[in-house]
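To start, the structure under review is shown below, and the notes come after it.
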Amino acid sequence: MRILVTGGAGYIGSVVTEELLNDGHQVVVYDNLVKGHRAAVVPGAQFVHADLADGESLRNTLKQEKVEAVIHMAAYSLVGESSVNPAKYYQNNVVTGLVLLDAMLDSGVKKLVFSSTAATYGEPRQQPIDESAPTSPTNPYGETKLAFERALNWYDSAHGFRFASLRYFNAAGATIKCGEDHDPESHLIPIALQVARGTRESVEIFGDDYPTPDGTCVRDYIHVVDLARAHILALGELGEGSQIFNLGCGGDGYSVRQVIDTVQEVTGKNILTRIGARRAGDPSTLIASSEKIKAKLGWQPKYQDLRLIVESAWKWTLAHPDGYGE
Ligand code: UDP
């Protein structure tokens, strides 16, 4: 298939591109490089350096490249930032997303896989969370992703638009070539790895008074390759109708302290921590039930052990001490 990957120069987008190319698909990466990196565009993919808000450029790309389906990953994705700057999130994750949908309709492309998030659920009453859990985001990031999912539903009923919305839990890990490089870095595992490398003094733990076994937040970490494989499975089944799928490894999840302990074990370095305030918008626990995608699409995570996830991220960090070097 000929697939447009928005945000394909980003962390997850680059790995999705790698996997699509491995499977013989043709990929056009569409990215404005505000968050992404030119060096993260996988060789073999075509690259269009443009903004999603530019409807004309999108329409030209979709038509000229004879795109058959879109994987829409370009978005802002920081819980804390969204809580202090909601407008930025509404503008990019909702308004600009609609420019993409309308350009797709104009070009006759009606298949889309969307990067959604566990943050759509907010602070659920039951764990693990399945897709029937009520959605009640506790931050604008989750709220804007949910708003876009709802728009997709209406585009489906009005225009026969077929989508799969993948609600990611915590993506982590790396491949040999593609890894996590944000500026500034805000994610737990890369931050702990910076401490291991000596480029950061300590990890600030955002709250240790949550109602969890050790008081720190519990999350469900999923290897980025397992996540990428799910996109390809979802693409293949779009003809069957629109769907929402959770994506995590399940189990008991890992607390912030457990993640830091694992980073210490994998790297052999002492990771200094200090306790800080809670981060705005953070639910205490988010653990996925991924039974639906397992049953419907035959998806299975290969890297369920957090150690394997951290090891892959550590290898990438050691091989790319300056990230993508930009
Ligand atoms: N976290 C933390 N210190 C940090 C970064 C993250 O304690 O410097 C916590 C954060 O509060 C959350 C978990 O680690 O409970 C994972 O956060 P991350 O930003 O990696 O992913 P998110 O859950 O926001 O998608």
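Whatever order the structure lists them in is the order used to number ligands and atoms, beginning at 1. As the structure is a prediction and not an experimental result, all values here were calculated from the model. All values below come from the heavy atoms of this structure, side chains included, with hydrogens, waters and symmetry mates left out.
Relative ring orientation between His182 and Tyr11 is described as perpendicular, the plane-to-plane angle rising above 60° on a 0-90° scale split at 30° and 60°. Between Phe148 and Phe114, the angle of the ring planes lies from 30° to 60°, which puts this pair in the tilted group. Note on ring orientation: taking the six-membered ring where Trp is involved, the planes of Phe161 and Tyr155 are perpendicular (angle over 60°, cut-offs 30° and 60°).
One finds a salt bridge joining Arg307 and Glu265 here, because a Lys/Arg side-chain nitrogen approaches an Asp/Glu carboxylate oxygen to under 4.0 Å. Using a 4.0 Å cut-off between a side-chain N of Lys or Arg and a carboxylate O of Asp or Glu, Lys292 and Asp130 do not qualify as a salt bridge. Under 4.0 Å is where a charged nitrogen must lie from a carboxylate oxygen, and between Asp23 and Arg229 at least one such pair does.
Among all protein heavy atoms, the one lying closest to atom 18 (P) of ligand 1 is His187 CD2, 3.8 Å. Atom 16 (C) of ligand 1 has Tyr221 OH, 3.6 Å as its closest protein atom, hydrogens excluded (heavy atom only). Cys217 CB, 3.0 Å is the protein heavy atom nearest to atom 15 (O) of ligand 1. When only non-hydrogen protein atoms are considered, atom 19 (O) of ligand 1 lies nearest to Arg279 NH1, 3.1 Å. Scanning the protein heavy atoms around atom 9 (C) of ligand 1, the nearest turns out to be Val256 CG2, 3.7 Å. Nearest protein heavy-atom neighbour of atom 7 (O) of ligand 1: Phe206 N, 2.9 Å. Protein heavy atom at the shortest distance from atom 3 (N) of ligand 1 is Glu204 O, 2.7 Å. Among protein heavy atoms, atom 11 (O) of ligand 1 sits closest to Asp282 OD2, 2.5 Å.
Tyr254 and Asp220 are not linked by any side-chain donor-acceptor pair at a separation below 3.5 angstrom, with hydrogens and angles left out of the test. The closest side-chain donor-acceptor pair between Tyr168 and Ser115 falls under 3.5 angstrom.
Residue-ligand proximity, Ile205 to ligand 1, at heavy-atom distances under 4.0 Å covers atoms 7 (O). Each of the following atoms of ligand 1 lies closer than 4.0 Å to a heavy atom of Ile191: 8 (O).
Looking at Asn170 against ligand 1, only its side chain comes within 4.0 Å, counting heavy atoms. The part of Ser186 lying near ligand 1 is the backbone, judged by heavy-atom distances below 4.0 Å. Under 4.0 angstrom from ligand 1, the non-hydrogen atoms of Leu188 come from both its backbone and its side chain.
Here the side chains of Val70 and Met104 are in contact, with some heavy-atom distance below 4.5 Å.
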